[in-house]
2 protein chains.
Amino acid sequence: MAALSGVSVKTASRALSGEGYVAVETKARVQSAADELGYRLNRTARELRRGGNTSTLVGLLSGDLANPFYSRLASGLERELRMHGLQLITASTDENPEWERRLTDSLLERRVRGLVVASTMAEHGHLAAERRHGSPFVFVDRPPVDLTADAVLLDNRGGAKRAAEHLLERGHRRIGIVGDLSRLSTHQDRVEGFAEAMEAAGVADWRDYLLEDAHDVDKAERAVRALLARDPAPTALFTTNNRITTGALRAIGHTPFAATNKDAATHRDTATHRNAATDKDAATGNSAAGNSAAGKGTALIGFDELDLGDVLGVSVIAHDPEEMGRHAARLLLARLDGDDGPARRVVLPTRLIERSTTALT
Amino acid sequence: MAALSGVSVKTASRALSGEGYVAVETKARVQSAADELGYRLNRTARELRRGGNTSTLVGLLSGDLANPFYSRLASGLERELRMHGLQLITASTDENPEWERRLTDSLLERRVRGLVVASTMAEHGHLAAERRHGSPFVFVDRPPVDLTADAVLLDNRGGAKRAAEHLLERGHRRIGIVGDLSRLSTHQDRVEGFAEAMEAAGVADWRDYLLEDAHDVDKAERAVRALLARDPAPTALFTTNNRITTGALRAIGHTPFAATNKDAATHRDTATHRNAATDKDAATGNSAAGNSAAGKGTALIGFDELDLGDVLGVSVIAHDPEEMGRHAARLLLARLDGDDGPARRVVLPTRLIERSTTALT
DNA sequence: CTGAAAGCGCTAACAC
DNA sequence: GTGTTAGCGCTTTCAG
């Protein structure tokens with residue numbers, strides 16, 4: 001113990017934590033002793049003794065931290081929390097409900113100060129007891145089911161409706177729509193918004209061009225190819241999230257530059273665990289330029305902004321993931337500050353960004 | 001205490017933690033009592049009592065979690081750790097050394113099991129005492145200075161050299177190079193590699209076209225515009241990371257689709273805190289199509305793969321951030337497993353992906 | 001299989 | 001300014 005090395009006893013606590021009065025000289029002595037021994041305060045023990053919730057940890061559960069949507073959400077959240085002395089601890093659920101449950105337990109056992117979750121579970125009744133006297137929850141992107149809790153959501157329905165209207169206004173009627181896991185509420189809302197606009201326009205058979213459960217870029221690419229191969233091919237496409245839009249762009253295959261393109265290796269080099277698949281994908285990806293004739297004239301609008309969306313000229317329904325994170329942080333901070341009012345629900349707007357992929361030709 | 005609600009005392013511990021022998025019936029009784037009270041084990045207290053390092057937390061410090069490079073690194077790291085029962089706690093330093101120091105202290109005080117850090121600090125001698133009997137460190141992306149520790153790095157020099165050679169082979173001699181913060185070792189290595197190739201080719205004045213400290217997309221875009229406005233304008237560009245490449249693409253302004261593009265709002269809607277700037281940027285971004293004539297024929301190769309790099313046809317020096325994360329996890333796990341051999345240094349390869357931006361015309 | 005006591009590292013509350 | 005005592009919630013002994 002640093003106390004022995006110094007001369008005093010557990011007044012070292014005061015010196016190192018900077019709380020309470022300590023003589024300047026004593027403080028210096030303790031400090032240097034601690035430095036020499038490589039000693040540091042044990043924050044865990046401190047939080048235990050302090051009782052209640054003194055932790056400075058806030059948990060975030062999301063499907064996949066590598067998805068720009070979630071990483072930007074995390075970034076906004078983290079920055080806002082940090083300004084209030086809190087730290088973010090993140091975990092990916094891989095959209096697996098069982099893992100989400102396990103990770104939630106784990107974070108709660110760790111007595112996090114609060115929990116922000118983009119849930120992949122079908123219902124959240126099991127958290128009711130927790131919520132009564134535990135850490136506050138904030139749901140992001142997807143609302144709680146069977147539980148009242150704060151939530152920050154997107155206007156999915158409105159955004160999707162706007163996307164469909166935009167395509168309809170430009171004369172399209174056979175519009176393909178490719179979606180994520182069909183069990184996700186965000187997906188359902190987007191399909192609903194789309195349906196609303198289509199039916200209002202008198203297009204009853206829009207479901208013929210609906211493809212769901214395209215959860216990753218490769219699946220999306222295949223889905224889009226399948227759609228474009230239909231006999232009366234769709235003249236336009238609505239892709240309901242960033243990964244799907246990426247897949248669609250690969251399928252449609254813009255090659256903005258000269259075609260002297262011997263891009264043998266695709267960028268999907270991250271998939272080191274699925275070698276066979278990678279090679280095959282590389283081949284199909286490579287043929288994009290060749291196939292492009294099929295979907296080249298197809299109009300496209302996607303939900304979620306893309307990193308190079310402006311450069312590529314992709315029309316999108318955009319929103320602000322970082323803002324979502326900041327909002328979640330603010331709701332959480334309010335709860336930590338004692339706010340025990342009714343659950344709040346914030347719905348963030350989306351907006352249409354019209355670019356070349358839906359330009360009139 | 002659940003003990004009271006049940007009938008036994010702190011045998012509840014055994015029941016809930018599942019360690020030691022407990023009658024099946026007793027266990028069930030305790031369980032239901034705990035459920036009802038919304039009680040959960042306090043992992044913090046457990047770890048304290050257990051002494052030493054029993055925590056399951058691993059910290060990651062990086063510059064900016066929203067940067068795809070770091071978020072993919074985090075993703076690979078998190079997945080690998082999770083397979084071994086460990087959890088990831090992340091924090092962004094915003095490339096601010098002072099914050100990095102503070103966050104490091106904070107994580108260490110929390111007795112994380114290990115620390116993975118993409119450091120922004122100039123030296124790390126202060127961690128020497130820590131390393132002796134504290135948690136192991138793994139440096140990623142940037143090597144430790146004044147400290148021996150495990151590290152997973154990229155072949156920055158080789159990759160940059162390859163990029164330069166690629167451009168030189170295609171006849172370019174006036175090659176602009178735009179880099180990140182000049183104090184970062186990754187930047188320096190990349191410039192060195194570039195320099196090596198240029199000097200070997202007899203281009204002595206390459207520094208005339210070097211612009212540094214373009215740390216964000218906007219700065220990069222401006223830097224590239226400035227470069228292209230030089231009198232003998234460069235015929236090719238090497239951008240040394242993903243953000244800079246993005247900025248360059250905006251500046252060069254490919255508009256792959258028809259120019260009926262009224263993209264009034266740029267995608268930089270995230271910058272709600274800098275309204276004035278945003279509007280201005282939007283304007284300049286918007287004029288990309290107009291200005292494009294200036295740099296349209298300019299060859300471009302970037303360090304780091306881009307999300308839509310294949311669709312856009314951007315040549316890059318690619319590598320695998322997720323793999324870097326997995327490697328870091330493995331080094332850390334080995335240390336936790338008792339490995340006390342000399343510090344390891346893993347250097348991951350890069351590879352050239354040749355696409356249309358460097359195609360011969 | 002279950003219980004009682006002690007103590008992990010720290011800090012609240014009081015002394016001195 | 002500083003020291004003392006007790007106890008946060010748990011798990012470790014070591015006994016029943």
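Quantities reported herein were computed from a predicted structural model and do not represent experimental measurements. Here is how names work: the chains are called A, B, and so on, in the same order as the sequence lines, proteins then strands, and each is numbered from 1.
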Round to the nearest Å and state the distance from [X] atom [atom1] to [N] atom [atom2].
X	N	atom1	atom2	value
B/Arg46	C/dC8	CZ	P	19 Å
A/Arg43	C/dT11	CZ	P	11 Å
A/Arg29	D/dG1	CZ	C1'	12 Å
A/Leu41	C/dG9	CG	P	12 Å
A/Glu25	D/dT2	CD	C1'	14 Å
A/Tyr39	C/dC10	OH	C1'	8 Å
B/Asn42	C/dC8	CG	C1'	13 Å

> If we take the P atom in both C/dG9 and C/dA13, what is their distance in whole Å?
Replying inline: 23 Å

| said: For the P atoms, the ones on D/dT5 and on C/dA6, what distance do you get once it is rounded to whole angstrom? | reply: 16 Å

Does the pair [X]/[Y] count as a salt bridge with the N-to-O cut at 4.0 Å?
X	Y	answer
B/Glu80	B/Arg326	no
B/Arg40	A/Glu130	yes
A/Glu47	A/Arg110	no

So the side-chain hydrogen bond (donor to acceptor under 3.5 Å, both in side chains) pairs with at least one residue in residues 111-123 of chain A (sequence neighbours excluded) are A/Glu95-A/Thr120, A/Glu100-A/Ser119, A/Ser119-A/His124, A/Thr120-A/Arg183

Counting neighbours of CD on B/Glu25 that are heavy atoms of other residues, nucleotides or ligands and sit closer than 6.0 Å, is the number greater than 12? no

Any heavy-atom pair between the side chains of B/Thr90 and A/Ile89 that's under 4.5 Å? no

In DNA chain C, stems of three or more consecutive pairs, Watson-Crick or G-U, each with both distances under 3.5 Å, turn out to be C:1-11 with D:6-16, C:13-16 with D:1-4

Side chain of [X]: nearest nucleotide among [options]?
X	options	result
A/Ala45	C/dT11, C/dG9, D/dT11	C/dG9
B/Ser13	D/dG1, D/dT11, C/dG9	D/dT11
A/Leu48	D/dT11, C/dC1, D/dG9	D/dG9

**Asked** Can a side chain N or O of B/Thr26 be found less than 4.0 Å away from OP1 or OP2 on C/dT2?
**Response** yes

Q. Can B/Asp339 and B/Arg344 be said to form a salt bridge (Lys or Arg N to Asp or Glu O under 4.0 Å), step by step?
A. CA-CA 11 Å; B/Asp339 173 6; B/Arg344 261 189 260 282; 2.4 Å; yes

5'-most contact on DNA chain C (nearest-nucleotide basis), B/Arg111 vs B/Val22, goes to B/Val22

Side-chain donor-acceptor pair under 3.5 Å between B/Ser106 and B/Arg102, yes or no? no

Could you list all N or O pairs between the protein and nucleotides 12-16 of chain C that sit under 3.5 Å apart?
residue: C/dA12; atom: OP1; partner: A/Arg50; partner atom: NE; Å: 3.0

Take B/Arg335 and B/Asp340 through the salt bridge (Lys or Arg N to Asp or Glu O under 4.0 Å) test and state the conclusion after the steps. CA-CA 6 Å; B/Arg335 293 296 176 193; B/Asp340 58 352; over 6 Å; no

